[in-house]
Amino acid sequence: MTTGISGESGEIVVVPHTHWDREWYEPFQRFRLRLVALMDEVLDTMEREPGYHFTLDGQLACVDDYLEVRPENRDRVAALVESGRLAVGPWQILLDEFLCSGENIVRNLELGMARADKLGGAMPVGYLPDMFGHTAQMPQILRRAGLAHACVYRGVPSSVTTDAFAWVAPDGTAIRAQYLPAGGYGNGAHLFEDSERLAERGAAFVATMRRWHGPEGPLLAMYGTDHSAPVRGLPEMVAGLGARMDTLSGYVTAHPADVEGLPRVAGELRSHARANILPGVISVRAAVKQAMGRAERMVERYAEPLAALWGAEWPGRFLDMAWWRLVDASGHDSVTGCGVDETAQQVAARIAEAEHLGQAVRDMVTARLAASVPSGGLLVVNPTPATRRGVVLLNVAGEDPITGPGGARVPVQPLEYAPTLLLDEEMDPATALTFVHGTELYGQHITGWSVEDGVLTFTVARESRLPFDVGQVREALAGVTRVRILAEPRRTVAALIEAPPLGHTSVRPTPDADPDGRLPASVRPVRAGERVLDNGLLRVEVARDGTLTLTGAHGVTLTGAGRIVDGGDVGDSYNYAPPAEDRLVSEPDSVHVQLVCGGPLVAAYDVWRTFRWPAAGDGVEGTPEIPARSRTEATEEIAVRTRVELRTGEPFVRLTVDFDNRCADHRVRLHVPLPERAAVSHAEGQFAVVTRGLTAEGGCGEEPLPTYPASSWVAAGGVAALLEHVTEYELVDDGGELALTLLRSIGYLSRNRHVLRPEPAGPQLPTPAAQSRGLRSVSLALMPYAGTWEAVPGAAEEFRHDLVTVAGTGDPSLPLPAPAAGLSVEGDGVVMTSLRVRDGWKELRVVALRDDPTQALVTGGFTRARRADLRGRPGETLEVADGSLRLPLGGWEIATVQVS
């Protein structure tokens, strides 16, 4: 018997599903125990009831996590996928799109689709049900991976009044986006709760959804919610409603992929109009975001490109393991930091392992190159696809001049001299011999020893090729009462070195080198005066309050940069919340400025500012239902050190801000007054530069704070902040100032009562580790600019990717090898995001960060080239001339090419 609800106006399509948070208010393995039970029930139910369909949340992680425990059930899963009744993929894990790199998004999709194919095929829908907003380039990413549909919930603006719209990426790529209104991925979760009122519930659902869908066509009822299991007998209940059951894939792909006639929405989706987007996750547990950025750079920009160009056998398995961990960490309840402390600890461990794997591959490749550099020399590797002349730190022996290949003198600036007397004490020499491990002694290697006047003297150095027999020493210990350890003279110097694109060069101390070590005429020295640093491109003056005045070469000036502002935060991991009676602290009690070094290659001051920050929120401990109205009168003395560093040839000043956080329930921001009041900001992230205004759209109840994420840089009003990791920012004072969040300390996963959010975002659980007590160190740079932001990406590329130095290990008699280039990428607005080996080809990915068409010139000695999609599937053949490729790019185009 049917209710006749569907009638001539169309039918309800019920999509049973689960939204599986892999880790959240419980850590991964505890949730997995529940997942295994759920998946057992899915398989049993679907095999028992042939009409059952189920959608497994769009992520392969559910299947992988299950089959690791139940490997014998792989064929059962595959049979259901192949039948079209069980929808899996296309993602490996449901990510947070803003807290990982664009390349991480691509690898996530690539990995999920490849693994789903082995089970019978991925759901051809870019399912994004619970991400906290969506990045601008997602339509292009999905389309270039072969997907024509998306499905979204959070972040959709109020201008969307239908359940489908054309989502348009910056390059113009448009895909059909299925919107989940009126309850998101659980809009049909309560349809079958009361069998006596089934017809009434069905009619109400139809009335609600018709307002979004229109008078005709099937209506999507997402029957499921967080961690929900299939309901036995559901096919009969669906039939009783006059509806039908399908997967999300079946519903969405029944619609044409073209977007003609659909309302268009361009760019990122970060509106609060329809649902909470929980923007506080950008800044909570900031150390996790910092580690993620560091690990992604290590794998994407050091390990993979260097292994592709300079390695021996491609270390694919090691890199695969690194990517598995980065993708796993990108989950929308993982890197976000909005889980319990145990979850955050496990995420941090995964990220650390990914970085370690990347470091291991990088070190393996550079060790191979260092074998051709004579001992005592240093290899210098350039991770960027353009020629670099930059300052590096070298630790070298002796006082001899430093030269490069061909004998040219390298400009250097002494910074520090290592101690040469490591030990000089009266002691039993037998005790001293217990310090010796092989040839290692005090962290160096024994180069010789002697006994004279009752003193045993060891000489040590960083490396030694001399044989050493500890037995001979023991035979000579008669009468010895004193032990001395002397190290070779060593110094740390700053050196100005030019390295070829994605290539390497080398340097060494040379006794008889040309004594002229002056800077090249094209390089201006940096000098330190009375609280002033100047390199000809940028002048930095330290004010009495510890803030900075920056003046660029084009006359752009900003005053008061680097002000530290501490305020209360009685929110939770999802949303910032100020106490009702906040107390902001921005004026230091004392300021001390100390010169660190004075040029000519690098000059720096340490600026010490002492503050009295309130110790905590002034609430009642253990009563999260009553957030603090103010901050405690009790304070902690906090010393904030800012290293202000200016290098020759750089148009930006490097800042490192350090402090020991001994306070709770607060937010610390660094403020930068803008040279000109700005109505918009420009922020880089995930293959795009997004322009944002001073306000955010509200509507659902969550306070629409205009705090936004920036990945590698943010620019507004004539100044750019170059960043090492995703950082929360806000334009404050009506666009007169940029505020960057350095730290947000909170104590609860979610609060039931939150002044800026009407309902809980999760369970009210304590997260004491999210107070982030202890040392906090943040590195960034500030760059004044004139006109548009077009010069900023190049500066960010250099700031974020330091040249690498490695000690040479070759025979000391070897000459320095000639500099060698790997692969270069040139072009207005063109940025390289990835270089790796795939199926015997070198695969390069670039993006054009500009509105207008441009061209990438790729040079690297290859003879063949072809385009590829984001899954690595080859496309059209491209013309190669003299080892170079001229690749036309549209504005904001993401392009993948393979060369060999």
Side-chain angles (χ1 to χ4, degrees), residues 96-99 128 130-138 152-161 165 167-168 170 177 179 181 184 264-284 289 332 336 338 567 569 571-578 582 667 669 671-672 674 677-686 688-711 713-717 721 723 726-741 744 746 750 754-759 761:
D96 183 279
E97 299 172 36
F98 292 95
L99 286 172
L128 304 162
D130 198 30
M131 288 69 171
F132 306 151
H134 305 285
T135 58
Q137 287 280 35
M138 186 58 76
V152 299
Y153 166 43
R154 300 184 191 272
V156 173
S158 62
S159 61
V160 173
T161 57
F165 61 94
W167 188 9
V168 187
Y179 174 44
R264 296 171 72 86
V265 178
E268 71 175 4
L269 306 180
R270 284 194 64 85
S271 170
H272 307 252
R274 306 292 188 192
N276 296 339
I277 65 168
L278 311 169
V281 299
I282 300 297
S283 51
V284 75
K289 280 69 172 178
H332 68 286
T336 47
C338 56
D569 187 345
D572 53 32
S573 66
Y574 292 101
N575 296 80
Y576 159 79
D582 201 0
R667 180 178 68 175
R669 301 208 286 188
H671 285 241
V672 182
L674 305 183
R677 194 169 293 275
V680 296
S681 63
H682 311 281
E684 187 276 339
Q686 298 82 29
V689 176
V690 181
T691 300
R692 300 169 174 135
L694 301 181
T695 60
E697 183 183 39
C700 77
E702 177 184 55
E703 185 72 19
L705 297 180
T707 53
Y708 298 107
S711 290
W713 57 267
V714 56
L723 309 167
V726 177
T727 300
E728 176 187 87
Y729 77 90
E730 181 181 4
L731 290 185
V732 297
D733 187 28
D734 294 326
E737 215 167 55
L738 172 67
L740 302 167
T741 303
R744 196 163 76 84
I746 54 89
S750 175
H754 193 293
V755 67
L756 300 184
R757 192 186 63 232
E759 72 282 318

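Since we're looking at a predicted model, the values are computed, not measured.
Here the straight-line distance linking atom CZ of R270 with atom OG1 of T135 works out to 10.5 Å at 0.5 Å rounding. Here the NE2-CG distance, from H754 to N575, works out to 4.5 Å after rounding to the nearest 0.5 Å. The line from OH of Y574 to OG1 of T336 is 7.0 Å long, rounded to the nearest 0.5 Å. Once rounded to the nearest 0.5 Å, the distance linking NE2 of H272 with SG of C700 reads 8.0 Å. With values rounded to the nearest 0.5 angstrom, I282 atom CD1 is found 8.0 Å from T707 atom OG1. We find the CZ-CG distance between R667 and D569 to be 7.0 Å, quoted to the nearest 0.5 Å.
Not counting sequence neighbours, the partners of R692 by the side-chain hydrogen bond (donor to acceptor under 3.5 Å, both in side chains) test are E268, Y729. Among residues two or more places apart in sequence or in another chain, the ring pair (Phe, Tyr, Trp, His ring centres under 6.0 Å) test is passed with H134 by W167. In this structure R757 satisfies the salt bridge (charged side-chain N to carboxylate O under 4.0 Å, His left out) test together with D572, sequence neighbours excluded. Remark: T691 pairs with H682 by the side-chain hydrogen bond (donor to acceptor under 3.5 Å, both in side chains) rule, at least two apart or across chains. With sequence neighbours left out, D96 forms a side-chain hydrogen bond (donor to acceptor under 3.5 Å, both in side chains) with no residue at all. Contacts of Y179 classified as ring pair (Phe, Tyr, Trp, His ring centres under 6.0 Å), with partners at least two apart in sequence or in another chain: W212. Looking at residues two or more places apart in sequence or on another chain, you find no salt bridge (charged side-chain N to carboxylate O under 4.0 Å, His left out) involving D582. For R677, the side chain to side chain contact (heavy atoms under 4.5 Å, CB included) partners are D733, D734, not counting sequence neighbours. In this structure, the side chain to side chain contact (heavy atoms under 4.5 Å, CB included) partners of V732, at least two apart in sequence or on a different chain, are R669, H671, E730, E737, A739. With sequence neighbours left out, the side-chain hydrogen bond (donor to acceptor under 3.5 Å, both in side chains) criterion links Q137 to Q140. Partners of S271 under the side chain to side chain contact (heavy atoms under 4.5 Å, CB included) rule, at least two apart in sequence or in another chain, are P157, A273, E697. In this structure, the side chain to side chain contact (heavy atoms under 4.5 Å, CB included) partners of S283, at least two apart in sequence or on a different chain, are E728, T741, R744.
Nearest heavy-atom pair across L740 and A721 is CD1-CB, 3.8 Å. The two atoms that bring L674 and A716 nearest to each other are CD2-O, 3.5 Å, heavy atoms only. Nearest heavy atom pair, residue V284 against residue K289, reads O-NZ, 2.6 Å. The shortest non-hydrogen separation linking P709 to V726 is CB-CG1, 4.0 Å. Listed here is the closest heavy atom pair of L694 and A678: CD2-O, 3.6 Å. Shown here for V755 and A577, the closest heavy-atom pair between the two residues is CG1-CB, 3.7 Å.
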Take Y708 and V690, measure what side chain to side chain contact (heavy atoms under 4.5 Å, CB included) needs, and give me the verdict at the end. CA-CA 10 Å; Y708 298 107; V690 181; over 6 Å; no
Given M138 and L269, is the side chain to side chain contact (heavy atoms under 4.5 Å, CB included) satisfied, shown in steps? CA-CA 10 Å; M138 186 58 76; L269 306 180; over 6 Å; no
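Checking side-chain atoms of S750 against main-chain N and O of A761 turns up a donor-acceptor pair under 3.5 Å. Formation of a donor-acceptor pair under 3.5 Å by the Q686 side chain with backbone atoms of A136 is not found in this model.
Using a 4.5 Å heavy-atom cutoff, the side chains of P704 and I277 are not in contact. For the pair L128/R154, no side-chain contact is recorded, criterion being any heavy-atom separation below 4.5 Å from C-beta on.
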